[in-house]
There are 2 protein chains.
Amino acid sequence: MSTAASRRRPATIHDVAREAGVSRGTVSRVLNGGHYVSPTAKAAVDAAIRRTGYVVNRHARSLITGKSDSVAFLLTEPQERFFEDPNFNVLLRACTQALAAQDIPLLLMIAGTEDERRRNLRYIEAGHVDGVLLVSSHSGDPVVARLHEAGVPVVACGKPLGQTAKIGYVAADDRDGARDMVRHLYASGRRRIATVTGPLDTPGGVERLAGYRETLAECGLPADETLIAPGDYSRASGEDAARALLERAPDIDAVFVASDLMAQGALDAFARAGRRVPEDIAVGGFDDSPAALSTRPSLTTIRQPWDRISTEMVRTLLARIAGEEPAAVILPTELVRRESA
Amino acid sequence: MSTAASRRRPATIHDVAREAGVSRGTVSRVLNGGHYVSPTAKAAVDAAIRRTGYVVNRHARSLITGKSDSVAFLLTEPQERFFEDPNFNVLLRACTQALAAQDIPLLLMIAGTEDERRRNLRYIEAGHVDGVLLVSSHSGDPVVARLHEAGVPVVACGKPLGQTAKIGYVAADDRDGARDMVRHLYASGRRRIATVTGPLDTPGGVERLAGYRETLAECGLPADETLIAPGDYSRASGEDAARALLERAPDIDAVFVASDLMAQGALDAFARAGRRVPEDIAVGGFDDSPAALSTRPSLTTIRQPWDRISTEMVRTLLARIAGEEPAAVILPTELVRRESA
DNA sequence: TTCTCTACTGTGAACGCTCACAGATGCATG
DNA sequence: CATGCATCTGTGAGCGTTCACAGTAGAGAA
């Protein structure tokens with residue numbers, strides 16, 4: 001029976017050593033880089049490993065090394081915002097794969113409720129993972145401080161706001177992306193450019209608004225607070241904000257909306273108000289989410305390099321675990337021109 | 001320094017025993033259910049645990065018990081289909097949380113490429129996880145057989161197709177959901193009811209089509225193969241299929257589309273063809289994805305109980321790990337009436 | 001009283017691995 | 001020829017836990 005066969009006690013390093021005619025120590029050395037091992041011994045061990053189907057017991061290894069060779073992907077969102085965000089999927093997938101390439105499993109942790117937060121922190125602080133990939137958008141997240149205090153290597157996705165602790169992070173250049181979009185709107189002849197912001201307790205929200213302001217100034221357009229409407233990244237808030245803008249400033253000819261989801265809502269609002277896009281009002285989004293392709297007109301937007309963000313997060317975290325100091329990595333964005341602007 | 005403090009060697013069971021004035025054995029017993037422990041001893045141990053901040057070292061425990069107290073969430077999709085599926089997010093999140101409630105971490109594994117498949121199987125077969133939550137839609141997936149052969153407890157999401165092995169699974173009642181929808185279309189007076197199917201190498205695709213066929217027969221409508229157009233769950237395929245249907249059978253007055261994403265595409269196709277929904281053609285979707293709310297008209301669809309599917313998957317897997325035989329769990333769906341039908 | 005049974009407690013031995021160290025070998029150097 | 005050094009190898013100890021077992025105390029039965 002194959003079931004019975006695979007159920008028998010798996011080979012240990014001892015079995016391999018006996019099979020290869022060497023000592024445990026030599027096998028262990030082969031397993032860990034092969035330094036100070038003669039070619040003959042290494043060959044014998046490799047063959048023995050193949051014959052016995054040996055796979056290292058990570059628990060035994062971890063017990064003595066004190067490392068777990070695993071990493072947590074920690075989501076500290078009270079809302080389910082992130083799970084609805086298509087970018088989040090890309091991030092999670094790419095991180096998983098980047099880690100898998102180094103044979104490091106990813107533990108998915110969700111700390112929505114206070115109870116989950118306690119549980120997960122306990123787990124992490126107990127040293128059951130070597131490091132944490134942190135996705136926490138909101139300002140002053142206590143988890144960030146706790147992890148830092150516990151001395152656990154952390155790399156955040158996006159600059160953690162309201163933190164005194166020095167935390168490494170990887171982020172897209174939100175400000176520069178916003179600049180690109182607003183410059184693009186300006187270049188196409190628009191002069192009354194409004195914006196719908198993201199939540200201003202998130203780095204993206206803050207930075208994109210800053211980029212918008214800077215570019216208006218740079219282009220010599222007057223700063224006009226009535227052209228700024230707050231949103232919370234949700235579709236509905238985009239719709240509301242767009243309506244509010246139309247009311248306050250009916251003469252706008254362009255809107256930079258800080259997320260595609262909100263831009264979708266804005267497109268609807270404009271359609272209902274009888275404004276044509278892009279003829280009457282140009283609309284620029286942010287994220288290049290799949291939805292940006294299915295709107296009518298399709299959405300001109302800013303692409304964030306999620307694949308690179310993920311690989312950089314993993315790289316930075318592993319470096320951090322290896323003892324390097326925390327670092328910030330900012331990656332460039334890209335303007336994607338479609339029909340809406 | 002708090003950093004220094006938290007960096008010092010964590011408390012072991014030994015420290016707790018000394019602090020509580022008992023032996024290791026007694027502490028261990030308290031940790032594992034507290035049987036055969038006097039109330040006084042238990043109180044002393046609990047207090048000592050609190051004072052020392054002791055957290056069990058899972059590696060040491062696993063080393064001797066042979067169990068890892070962790071579970072893999074394995075995705076074997078060549079395509080990135082699942083990561084674009086909003087349902088997948090719900091599934092992953094709910095599974096994570098259901099497991100977290102039992103203090104069992106979830107390891108996310110993606111086996112898209114052959115290399116990833118090998119790596120992950122090696123990891124799982126080495127006994128590094130106690131069980132696997134499997135998401136694998138396509139027929140005859142070799143991973144399913146491998147896992148079964150290795151004797152690893154597995155629970156699949158959706159009935160695994162083309163498997164001789166007896167695998168436990170949890171699924172929504174796709175067939176019954178399809179029946180509900182078609183009955184609903186019939187009840188609203190439609191008599192030329194077409195369907196856009198899902199991929200027919202997935203359980204959902206097969207079952208939903210079967211439900212469609214059964215209900216037509218039940219209602220005394222003729223079986224007409226020209227009313228059946230294949231899709232692959234993608235938005236584009238829904239659009240194509242709807243266009244093909246219009247050409248082959250211009251007189252259709254309703255379409256049951258096997259997924260919301262495809263239904264979105266179909267709505268577009270109908271809009272372009274100048275057909276009004278629901279006046280000329282009623283459209284029913286499947287999934288109740290977030291997108292179903294943002295279409296115009298909003299989409300009548302079938303809701304799958306993803307929360308329950310997730311908790312049942314976890315419950316079933318834990319039971320399986322505890323030694324129970326594999327079981328199939330089928331959960332009821334629900335018709336969600338909106339504007340499109 | 002003596003025996004048995006139950007409830008509880010402590011102890012040594014694992015689990016499979018890495019690490020530090022000691023020992024061995026070969027080769028170049030003084 | 002002795003010495004040093006680099007390369008390679010084996011051994012014992014120990015990581016923190018659970019498990020099996022031996023042992024103790026107290027209650028109840030004979």
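First the proteins, then the strands, lettered A, B, ... as listed; each starts at 1. Note that the structure is a prediction, hence the values are computed from the model and not measured.
A:Asp130 contributes a side-chain N or O that, together with a main-chain N or O of A:Asp69, makes up a donor-acceptor pair within less than 3.5 Å. Using modelled atom types, one side-chain atom of A:Ser62 and one backbone atom of A:Lys67 make a donor-acceptor pair closer than 3.5 Å. With A:Asn57 contributing its side chain and B:Leu63 its backbone, the two residues share no donor-acceptor pair below 3.5 Å. The backbone N or O of A:His128 sits less than 3.5 Å from a side-chain atom of A:Ser68, completing a donor-acceptor pair.
Taking five base pairs at each end of the helix from C:dT1-D:dA30 to C:dG30-D:dC1, the local helix axes there meet at an angle of 60°, rounded to 10°.
Look at CG on B:Leu31: it is 10 Å from C1' on D:dT17, rounded to the nearest Å. Following rounding to the nearest Å, B:Tyr54 (OH) and D:dG16 (P) show an atom-to-atom distance of 10 Å. Counting to the nearest Å, the C1' atom of C:dC15 and the CD1 atom of A:Ile64 are 13 Å from each other. Taking atom NE2 on B:His14 and atom P on C:dG10, their separation rounds to 12 Å, with Å as the unit. Spacing between atom CZ of B:Arg18 and atom C1' of D:dG16 amounts to 14 Å, rounded to whole angstrom units. Atoms NE2 (B:His35) and P (D:dC19) sit 13 Å apart, rounded to a whole Å. Note: CD1 (B:Ile13) to P (C:dA14) measures 19 Å, nearest angstrom. Atom NE2 of B:His128 is separated from atom C1' of C:dC17 by 12 Å (rounded to the nearest Å).
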| Residues A:Glu312, A:Arg315; criterion salt bridge (charged side-chain N to carboxylate O under 4.0 Å, His left out); working and verdict | CA-CA 5 Å; A:Glu312 281 301 306; A:Arg315 197 189 56 73; 2.8 Å; yes
| From CA spacing to verdict: side chain to side chain contact (heavy atoms under 4.5 Å, CB included), A:Leu75, A:Phe88 | CA-CA 10 Å; A:Leu75 209 55; A:Phe88 165 75; 3.7 Å; yes
| task | List the steps and the verdict of side chain to side chain contact (heavy atoms under 4.5 Å, CB included) for A:Met109 and B:Thr96. | result | CA-CA 7 Å; A:Met109 298 187 178; B:Thr96 305; 5.9 Å; no
| task | Step by step, work out the side chain to side chain contact (heavy atoms under 4.5 Å, CB included) result for A:Leu108 and B:Phe73. | result | CA-CA 10 Å; A:Leu108 179 59; B:Phe73 188 101; over 6 Å; no
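Within the structure, every side-chain polar atom (N or O) of B:Asn57 is placed at least 4.0 Å from both OP1 and OP2 of D:dC15. In this model, the phosphate group of D:dT11 is not approached by any side-chain N or O of A:Ser23 to a distance below 4.0 Å at OP1 or OP2. Here A:Thr26 reaches the OP1 or OP2 of D:dG10: one of its side-chain N or O atoms lies under 4.0 Å away.
The A:Ala60 side chain lies nearest to C:dC17 when the options are C:dC17, C:dG10, D:dG16. Of the candidates C:dG10, D:dT18, C:dC17, C:dG10 carries the atom nearest the B:Val22 side chain, counting heavy atoms from C-beta on. Of all nucleotides listed (D:dG16, D:dT18, C:dC17), D:dG16 comes nearest to the side chain of A:Leu63.
Using a 4.0 Å cut-off between charged side-chain N and carboxylate O, B:Glu149 and B:Arg146 make no salt bridge. Salt bridge A:Lys42/A:Asp46: present, at least one basic N to carboxylate O contact under 4.0 Å.
No side-chain N or O of B:Asp15 forms a donor-acceptor pair with one of B:Thr52 less than 3.5 Å apart.
The residue from B:Ile110, B:Asp141, B:Leu74 that alone fulfils the side-chain contact (heavy atoms from CB on, under 4.5 Å) condition with B:Arg117 is B:Asp141.
You'll find a donor-acceptor pair under 3.5 Å spanning the side chain of A:Arg24 and the base of D:dG12, going by distance alone.
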Would you tabulate the pairs of protein nitrogen or oxygen atoms and nucleotide nitrogen or oxygen atoms of nucleotides 20-26 of chain D closer than 3.5 angstrom?
none

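Non-hydrogen atoms lying under 4.0 Å from DNA chain D are contributed by nothing in residues 36-49 of chain B.
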